[in-house]
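Here's the structure we're looking at; comments come further down.
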Amino acid sequence: MPRLEQPIPRGALTAVAIDTPAGTFVARFSDHGLAQLDFPGRTFPASARASELLADPSLPRWVKLTKGALLAILAGRHPGEFPPLDVSSGTEFQQRVWSVLREIPAGETRSYGEVAAAIHSPKATRAVGSACGANPIPLLIPCHRVLASGGKVGGFSGGLEWKQRLLMVEGVIAQELPMRAASLGKG
DNA sequence: ATCGTCATATGAA
DNA sequence: TTCATATGACGAT
């Protein structure tokens, strides 16, 4: 299949700050939907302004949906309606991986190997890890539900604390940084 | 249990 | 082509 070497050029994104009990996230929207979500504590853009919000009538709704989904996921509740997700920045392979991630329900996990098998590239486990790391919309695209084999937590671009926190909220792991075993059923 | 090493897919430079 | 990865399997300790 054709290899997509360069991301598809897109117009400028509109950044919007979203406050949650876990901190202020920054969501960036394209014409097609939510394109990027940044964890709190990153460089805060000066572009989250009301005038931009008013520029596109679909934005306020997307922001509301994004915030609602975010708050629900952080609280371990079932998220309601998602905004449209614009994953056009990813290569075809990455988008296949991300679409698999979106089908993992809260409270469940997959291994990198299982995700690789799901996209019919059973040997691409390592590439799946890279694709997870390239996920532009964490939380809504639940890359945190992909663990290494044997219940090991594995890595996380946004910081392992976040991965752990999310897995705890979803009842997958119990407490502190096991860093390796998710100590579930077999104690 | 922990570590080192090798195998392998994908993507960026 | 070379290098870097959020892996996985295996063997040595």
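Throughout, protein chains are lettered first and strands after them, A, B, ... in sequence-line order, and every chain is numbered starting at 1.
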Under the side chain to side chain donor-acceptor pair (under 3.5 Å) test, which residues partner S99(A), sequence neighbours left out? none

Check side chain to side chain donor-acceptor pair (under 3.5 Å) between R126(A) and all other residues, then give those that pass, not counting sequence neighbours. none

Report the residues that fulfil ring pair (Phe, Tyr, Trp, His ring centres under 6.0 Å) with W162(A), sequence neighbours left out, ordered by chain and then residue number. F25(A), F39(A)

Taking side chain to side chain donor-acceptor pair (under 3.5 Å) as the cut-off, I'd like each qualifying pair that reaches into residues 129-141 of chain A, sequence neighbours left out, listed once. none

Show me, range against range, the stems involving DNA chain B, built from at least 3 consecutive Watson-Crick or G-U pairs below 3.5 Å. B:1-7 with C:7-13, B:9-13 with C:1-5

Which pairs of donor and acceptor atoms, one on a side chain in residues 113-125 of chain A, lie under 3.5 Å apart (sequence neighbours left out)?
| residue | atom | partner | partner atom | Å |
| --- | --- | --- | --- | --- |
| E114(A) | OE1 | S111(A) | N | 2.8 |

Which pairs pass side chain to side chain donor-acceptor pair (under 3.5 Å) with one or both residues in residues 63-82 of chain A, sequence neighbours excluded? R61(A)-E81(A)

For R165(A), what residues pass the side chain to side chain donor-acceptor pair (under 3.5 Å) criterion, not counting sequence neighbours? none

B/S/- contact track for nucleotides 4-11 of chain C, protein heavy atom under 4.0 Å: -BBBSS--

